[in-house]
Novice: 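Here it is, the structure in full.
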Number of protein chains: 2
Amino acid sequence: MAQEQNLTKNQSLVFEKLSAADGPMSAYDLLDELREQGLKAPLQIYRALEKLQEVDLVHRLESMNSFVACAQPHCHAKTGLVAFAICEKCGTVSEFSDDVVQSRLADWATERNFTPTKTSLEIRGLCQGCG
Amino acid sequence: MAQEQNLTKNQSLVFEKLSAADGPMSAYDLLDELREQGLKAPLQIYRALEKLQEVDLVHRLESMNSFVACAQPHCHAKTGLVAFAICEKCGTVSEFSDDVVQSRLADWATERNFTPTKTSLEIRGLCQGCG
DNA sequence: ATGCCATACGTTATATCATAACACAATCCA
DNA sequence: TGGATTGTGTTATGATATAACGTATGGCAT
């Protein structure tokens with residue numbers, strides 16, 4: 001944390017909105033909800049999101065072009081690999097990580113001299129309540 | 001296999017083009033290259049891609065909004081989970097699968113009564129030659 | 001304090017990716 | 001034979017993302 005202290009106005013607005021949401025939001029969702037705070041252009045959102053991803057406060061869900069506030073900023077910055085389970089019915093996103101998966105992937109990369117920069121792991125499906 | 005026999009004209013065109021390519025292509029890349037074969041609209045491409053994904057001849061790379069021909073249609077249809085390593089410099093995509101990763105994720109899902117429909121696992125980074 | 005650098009901001013315009021809606025054609029097979 | 005399913009073609013539109021430009025702000029070494 002403490003990172004949250006360093007955020008600029010736009011970054012804070014986006015982060016607060018995303019944290020308050022109960023699920024993922026697209027950049028344009030965020031823009032719509034932040035117009036009354038003075039934000040007017042997509043780039044303002046995308047730039048804030050870019051920074052927030054850099055400092056691990058926000059994750060991008062590649063499979064649905066949207067964004068979520070990180071569930072536990074403190075932990076995951078260390079663990080590296082973050083995975084998501086996304087319910088296609090109710091939209092709930094569960095964030096988790098798995099050391100075994102992580103090390104298997106690290107092994108794969110090491111064996112092939114592949115240098116990973118970012119990994120995305122997303123499971124689409126139906127959650128307990130919706131299954 | 002044999003599946004390739006059942007493809008329609010548009011599906012074949014898209015699959016052939018994608019198979020001949022040495023890397024991923026976007027839907028609009030495909031459209032540009034298939035105009036001379038008579039394809040004119042994005043939907044013709046997207047519909048073909050949709051079918052090709054259903055029969056496991058093509059994969060979608062979520063992190064880059066593009067598509068690749070499946071490296072080994074016969075095997076992967078069984079294995080279920082397919083992972084990709086994507087070089088951000090040269091664009092090369094390596095397809096692989098890992099039973100351990102797969103079973104860990106299956107366990108996670110089972111424990112939570114989550115019913116997976118599709119999983120995407122993509123590692124961005126630099127390949128051996130580009131690292 | 002001055003000048004420089006890195007970072008963020010605001011704005012307009014544009015690029016890129018994807019689907020809705022409608023009408024028509026081909027095929028299967030009950 | 002006629003209904004269901006799947007594929008097609010077309011136009012229009014929606015949704016997501018970035019380029020390019022200029023300005024402003026804050027740190028910090030001189």
Side-chain angles (χ1 to χ4, degrees), chain A residues 2-18 21 23-55 57-68 86 88 91 118 120 122 124, chain B residues 2-18 21 23-55 57-68 86 88 91 118 120 122 124:
Chain A
Q3 275 168 335
E4 305 179 29
Q5 307 306 322
N6 299 337
L7 299 181
T8 66
K9 175 167 156 284
N10 287 2
Q11 289 158 16
S12 295
L13 287 170
V14 169
F15 181 64
E16 294 304 324
K17 186 60 78 178
L18 213 43
M25 297 179 75
S26 74
Y28 282 78
D29 289 341
L30 286 162
L31 178 56
D32 285 343
E33 299 218 353
L34 288 172
R35 282 190 200 281
E36 56 191 35
Q37 273 76 29
L39 300 203
K40 295 172 183 171
L43 256 196
Q44 296 176 293
I45 307 294
Y46 282 107
R47 290 201 275 226
L49 287 170
E50 184 178 20
K51 180 65 177 181
L52 291 167
Q53 289 176 261
E54 280 173 19
V55 299
L57 288 172
V58 162
H59 299 293
R60 175 189 177 85
L61 300 176
E62 302 286 356
S63 68
M64 54 192 304
N65 299 321
S66 61
F67 304 84
V68 286
I86 303 165
E88 296 185 303
K118 191 190 176 193
S120 74
E122 301 176 18
R124 315 288 304 245
Chain B
Q3 275 167 334
E4 306 178 29
Q5 307 306 320
N6 299 337
L7 299 180
T8 66
K9 175 166 155 283
N10 287 1
Q11 289 159 14
S12 295
L13 287 170
V14 170
F15 180 64
E16 294 303 325
K17 185 60 78 177
L18 212 43
M25 297 180 75
S26 75
Y28 282 77
D29 289 341
L30 287 161
L31 178 56
D32 286 342
E33 300 219 353
L34 289 171
R35 283 191 199 280
E36 56 191 35
Q37 272 77 29
L39 298 204
K40 295 174 184 170
L43 256 195
Q44 295 176 294
I45 307 294
Y46 282 107
R47 290 200 277 225
L49 287 170
E50 183 178 20
K51 180 64 177 181
L52 291 166
Q53 289 175 262
E54 281 173 21
V55 299
L57 288 172
V58 162
H59 299 293
R60 175 188 176 85
L61 300 177
E62 302 287 355
S63 68
M64 54 191 305
N65 298 322
S66 60
F67 304 84
V68 286
I86 302 166
E88 295 185 303
K118 190 187 178 195
S120 73
E122 302 177 17
R124 314 288 303 244

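In the text below, chain A, chain B and the rest are named by the order of the sequence lines, each starting its count at 1. The figures that follow rest on heavy atoms only: side chains count, while hydrogens, waters and symmetry mates do not.
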Novice: Starting at atom OH of Tyr46(B), determine the distance to atom C1' of dT13(D), rounded to an integer number of angstrom.
Specialist: 14 Å
Novice: Give, for atom NZ of Lys9(A) and atom CG of Leu13(A), the distance between the pair rounded to the nearest 0.5 Å.
Specialist: 5.5 Å
Novice: With respect to the phosphate group of dA17(D), does any side-chain polar atom (N or O) of Arg60(A) fall under 4.0 Å of OP1 or OP2?
Specialist: yes
Novice: Between Arg60(B) and Glu62(B), does any NZ, NE, NH1 or NH2 come within less than 4.0 Å of an OD or OE carboxylate oxygen?
Specialist: yes
Novice: Find the distance Ile45(B):CD1 to dC17(C):P and express it as a whole number of Å.
Specialist: 13 Å
Novice: What's the CG-C1' distance between Asp29(A) and dT16(D), to the nearest Å?
Specialist: 11 Å
Novice: Between atom CZ in Arg47(B) and atom P in dG9(D), what is the gap in whole Å?
Specialist: 8 Å
Novice: Tyr28(A) stacking on dT16(D): centroids under 5.5 Å, ring planes under 30°?
Specialist: yes
Novice: Should Lys51(A) be listed as having a side-chain N or O under 4.0 Å from OP1 or OP2 of dA8(C)?
Specialist: yes
Novice: Whole angstrom is fine here: how far is it from CZ in Arg35(B) over to C1' in dG9(D)?
Specialist: 14 Å
Novice: If you assign Ala48(A) and Ser66(B) each to the DNA chain C nucleotide with the nearest heavy atom, which residue ends up on the more 5' nucleotide?
Specialist: Ala48(A)
Novice: What's the CE-P distance between Met25(A) and dA15(D), to the nearest Å?
Specialist: 15 Å
Novice: How long is the straight-line distance from OH of Tyr46(B) back to OH of Tyr28(B), given to the nearest 0.5 Å?
Specialist: 5.0 Å
Novice: Does dA17(D) have its OP1 or OP2 closer than 4.0 Å to a side-chain nitrogen or oxygen of Asn65(A)?
Specialist: yes
Novice: How long is the gap from CD1 on Ile86(A) to OG on Ser66(A), to the nearest 0.5 Å?
Specialist: 7.0 Å
Novice: Using a cut-off of strictly less than 4.0 Å, decide whether Thr8(A) has a side-chain nitrogen or oxygen near OP1 or OP2 of dA8(C).
Specialist: no
Novice: Take atom CG of Leu30(A) and atom P of dA17(D), then tell me their distance rounded to the nearest Å.
Specialist: 11 Å
Novice: Heavy-atom nearest nucleotide on DNA chain C for Leu43(B) versus Met64(B): which residue maps closer to 5'?
Specialist: Met64(B)
Novice: So Ala27(B), base contact, sugar-phosphate only, or nothing? Heavy-atom distance under 4.0 Å.
Specialist: nothing
Novice: Within less than 4.0 Å of OP1 or OP2 of dG10(C), is there a side-chain N or O belonging to Gln44(A)?
Specialist: yes
Novice: Ignoring hydrogens and geometry beyond distance, is a side-chain donor-acceptor pair present between Ser63(A) and Glu122(A) at under 3.5 Å?
Specialist: yes
Novice: Rounded to whole Å, how long is the line connecting atom CG of Leu31(A) with atom P of dG10(C)?
Specialist: 12 Å
